Asks: 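Okay, handing you the structure first.
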Number of protein chains: 2
Amino acid sequence: MPATIRDVARASGVHISTVSRTFSAPHLVNPETRVRVLASAEELGYRPNRAARALITGRTHNIGLIIADIANPFFPPLIKAAEGQARHRDYHVFVADTNEDPTAEEELVHALAKQVDGVLLCSPRMSNSLIEQVSREVPVVVINRQVAGLPCVMMDVGQGARSAIEHLLGLGHRRIALLGGPRGSWTNREIRRAAGAAARAGGAELTLLGPNPPTETGGGAQAEQVRRSGVTAVLAYNDLMAIGLIEGLDQLGLRVPQDVSVVGVDDIALSRLTRPKLTTVATPTAAAGRTAVDMLLQHDSEPRPRGGGRSAAVGDRRTTAQVMLQTELVIRDSTGPVPETGRTRPGGTPESPGPHRLADPGGPARTTGGVVAS
Amino acid sequence: MPATIRDVARASGVHISTVSRTFSAPHLVNPETRVRVLASAEELGYRPNRAARALITGRTHNIGLIIADIANPFFPPLIKAAEGQARHRDYHVFVADTNEDPTAEEELVHALAKQVDGVLLCSPRMSNSLIEQVSREVPVVVINRQVAGLPCVMMDVGQGARSAIEHLLGLGHRRIALLGGPRGSWTNREIRRAAGAAARAGGAELTLLGPNPPTETGGGAQAEQVRRSGVTAVLAYNDLMAIGLIEGLDQLGLRVPQDVSVVGVDDIALSRLTRPKLTTVATPTAAAGRTAVDMLLQHDSEPRPRGGGRSAAVGDRRTTAQVMLQTELVIRDSTGPVPETGRTRPGGTPESPGPHRLADPGGPARTTGGVVAS
DNA sequence: CTGAAAGCGCTAACAT
DNA sequence: ATGTTAGCGCTTTCAG
C-alpha cells in the first residue's frame, strides 16, 4: 500500500502540514526541511493522493472528454488538439467512449464528474434536457451541438452542406440523395436543413436516406437504395459513410464519380487515401478541441472561495459563449459532372432502369425513415 | 454548487449515514424512509461524490487505459473490448493518449492513479524500471510488452512475423526489408528478432529500415529507401506504415505486389479497404483488451480489509499471469510472387539499376539505424 | 517557518 | 432500522 503524507511526516520528523506545503507551496518551507522531506518522500515512494487533494481544493486538474465513437477517425484530431491545449494549461485529459449510446453517455458523465474539473461533451446523443441536467453537476462545454444557455463549440456544417449542394448543382446534378447519420445528431439535422434549402433553391430534388449508423458499414448498406433511387449524386453525413457507400456502389458496378458523385463531411485523413479521393466538407476539428478547452478553463486563473463546492473557477457561466467555426468544401475526385443521358448500369439487375432512368425515375425511394424533401 | 449528503439528510430529516445507506446499501434502510430520502435527493439534484466515496472505500470502479496513439486505428477495437468487459463488471474506462511520448505516459499514470482502481498500460514506451515503479503506485496490467513480475497480455507477433517471412520466402523472395517501428517498442523488437531468424533460416537477406514513427507518414517516408535497397518484399511494423509505404511506392511508380510485395501487422479495418487489400498479420486486439481487464479485476469480488490502502482486491500480484495471444497471417492482395527477372522500374532514376538488379544489388542499403541481418 | 485543528464528502464499525 | 463516532488523505486557516 502506497505511503501517505503521514508516513513521510513521521520519517522526516515534521508535521504533516509541512509535508503538504513541501508539495503544494514549496516556497513556504525552509529549504533545509524541504530537502529532508523530499528525501523521505522519495525513499518511501510517496506521491500526493490527487483524489484526496481534489476533495479539499475542488480542483483535479483533469478534464473529461466524452465522445460518441473513438473508432471514428474524425475524433482523434480533436482529442489531440484538446490534449495539447489542456497540457499547456497544466491539465490532463481523460477520454471516454460512449459507443453512440445515450445511456452510456450519461453514466460516463457521472463517473467522470468528480474526477475532473469539467467535461467536454462531443457530439452528444442525449437529450438537451439531460445535457442541462448534467451541466448542473459538472461544468460542461458542448461540442458539435447547440444547447441554449450552455457554452458550445460548433462547426458550420450547414454552410458546408450548402456549398456541397451548390457544387453538385454546378455540375448539373438535379437528383441528389442525402445519406443521413444517426438519430439525435445535431450535425445531422443541420446538414439536412441546409442541404434541403439549397436543393430547393436550386430546383433539385433531395432524397433523404436514413437514419444510419455513421460508419462505413452504415454507408455501404445504403448503396442499393442509392442505386434504386436513381440519384446522380449523394451527400453523406460523414466521410466514413461516404467511403463505405463508394465501396458499396463499386460492388454494384457503379463508378464514382462517372455514374454517381459522392460528397462526404469531415475531411478525415482517410479521405485523401481512398480512390477516388473524396470531395468533402472539411471541419475544423482541431480548432474545435482547442477552443472547447479554452472555454472550459477560461476562469482557471481566478481565486477560489473556501468552503467546498466548485466555484467560478472552471466552467463559469457568466460568459456563456457559443462559437461557430467555419467549414470549407474541398473538391477532390469523387464528384464530377452529371452523366449526360442517364447512365448505363454495368451491374444492372432486374430493377435496373433503361437509359432513360433520369427522365423516368419511377417514383421516390422508399426507405426506413426516408423522406423526399422538395 | 452541487448538493452534498448533508443537504439531503437535512431535507429529509434523517442522519447522513441513512442517506449514505440509501445509496450504497438500500436494503438496509426502511422502504418508507428510503423513498423520502430519494425524493429529497432527486429534488436537490444530489449525486454521491464518487471521489469522496473512493477515498474511504478504496474503490473507484474506474479503470485507466493508457495508449500510445489514439489516432492509430489499431487501438479502437482494443479500447472497445476493454470498455465492454469493464462494463460487464460495472466499471468505467478512462482513456488517456500519450502521443508516443514516454514523459506524457508517466505523467498520465500519476494523474490517473488515484482516480482509477488500476491501469492498463498499452504498448508503453517508458522503461521497464519505470513501469515497475508506477506499478507500486497503482495496479497495472501491461499490454503488448513483457515486463518481468507484472501481469502482461501479449500478442505473438514473433510467430506472426515468422509466418509472414515464410509466406514471402514461399513466393520466391530472397531480399526482404523490415520497415521498423518506434524505438522502445517491444513489438518492434519481437518482430525484428523473429523475422531475422526466419529470414536467416530461409537463406534470405533482411534489410532493416528504421526506427520510424508508426504512421502512414512514417511508412511513406521510407519508400525511396525501399526502392534503393533493391528488395522485392517488405514487412512493415504495422498496417499504417504498410499502407503509407504502398502510397509512397506508388508515387515512385512501383506497383504492389507486381514490383514489391508488402506485408503489414495488425489487420486494422482499413487494411481491407485500401487497394490492393493488405496482406497482414492479424493480432487479436479485442481479446487482448478483454483479457487485460479480466486480469486487472480478477480479485474484484473479494472482500477488502479496512484501514485504507488499496488491498488485494484489484491487481493483486499473487497470480501474476503472463498470457500470449495467438496471431494469424491473413493473405490478401499486397503480396505476390517475386518479379521473374528483376524488375523494370517505371519511375526509374539515375540510381535505378538495370534488369539484373536482383543479381547485382550493389550492396546493402544505408539508412539511419539500418542494419543488415544475415 | 512550523504545528495544531478543522474539515472536504463520504462510509463503516459500533451502538442503540 | 437508524444514529454516533471515527476516520480515508489531504489542505488551509490560525496561532505561535
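The sequence lines fix the lettering, A, B, ..., with proteins before strands; numbering per chain opens at 1. Hydrogens, waters and symmetry mates play no part in the numbers below; they use all other heavy atoms, side chains included. These numbers were taken from a predicted model, which means no experiment stands behind them.
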Asks: List the residues meeting side-chain contact (heavy atoms from CB on, under 4.5 Å) with A/R34, not counting sequence neighbours, and say none if there are none.
Replies: A/T22, A/P26, A/V29, A/P31, A/L38

Asks: Among side-chain atoms of B/D294 and B/Q85, is any donor-acceptor pair under 3.5 angstrom?
Replies: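 Per modelled atom types, B/D294 and B/Q85 side chains form a pair under 3.5 Å.
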
Asks: Just call it for A/V19: base, sugar-phosphate, or nothing, with non-hydrogen atoms closer than 4.0 Å on any strand.
Replies: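 The answer is nothing, as A/V19 stays clear of every strand by at least 4.0 Å.
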
Asks: State which residues pass side-chain contact (heavy atoms from CB on, under 4.5 Å) with B/P48; sequence neighbours excluded, sorted by chain then number.
Replies: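 Applying side-chain contact (heavy atoms from CB on, under 4.5 Å) to B/P48 gives B/F23, B/Y46, B/R53.
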
Asks: Please identify each residue that fulfils side-chain hydrogen bond (donor to acceptor under 3.5 Å, both in side chains) with A/H15, with sequence neighbours left out.
Replies: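 For A/H15, the residues satisfying side-chain hydrogen bond (donor to acceptor under 3.5 Å, both in side chains) (neighbours in sequence not counted) are A/S17.
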
Asks: Expressed in angstrom and rounded to an integer, what is the separation of A/I5 atom CD1 from C/dA5 atom P?
Replies: 17 Å

Asks: Within the 4.0 Å heavy-atom criterion, would you say B/T18 contacts the bases, only the backbone, or no part of the nucleic acid?
Replies: sugar-phosphate

Asks: Which residues satisfy the side-chain hydrogen bond (donor to acceptor under 3.5 Å, both in side chains) test with B/S127, sequence neighbours excluded?
Replies: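 Per chain and number, B/S127 pairs via side-chain hydrogen bond (donor to acceptor under 3.5 Å, both in side chains) with B/S129.
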
Asks: Could you work out which one of C/dT11, C/dC8, D/dG3 sits closest to the side chain of A/L55?
Replies: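 Within the option list, the nearest is C/dC8.
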
Asks: Measure from the side chain of A/R6, starting at C-beta and using heavy atoms only, and say which of C/dT2, C/dG9, D/dC8 lies closest.
Replies: D/dC8

Asks: Tell me, which of residues 25-37 of chain A have any heavy atom that sits under 4.0 Å from an atom in DNA chain C?
Replies: A/L28, A/V29, A/N30, A/T33

Asks: Would you mind telling me which of C/dG9, D/dT11, C/dA12 lies closest to the side-chain atoms of A/T57?
Replies: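 Looking only at side-chain atoms, A/T57 lies closest to D/dT11.
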
Asks: Hey, what bend do you get for the helix from C/dC1-D/dG16 to C/dT16-D/dA1 if you fit axes on five pairs at each end, rounded to 10°?
Replies: 40°

Asks: Quick one: label B/Y46 by what it contacts on the DNA or RNA (base, sugar-phosphate, nothing), any heavy atom closer than 4.0 Å.
Replies: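 Here B/Y46 touches the backbone only, sparing every base.
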
Asks: Among D/dT5, C/dG9, C/dG3, which is the nearest nucleotide to the side chain of A/H15?
Replies: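 Selected nucleotide (nearest to the side chain): C/dG3.
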
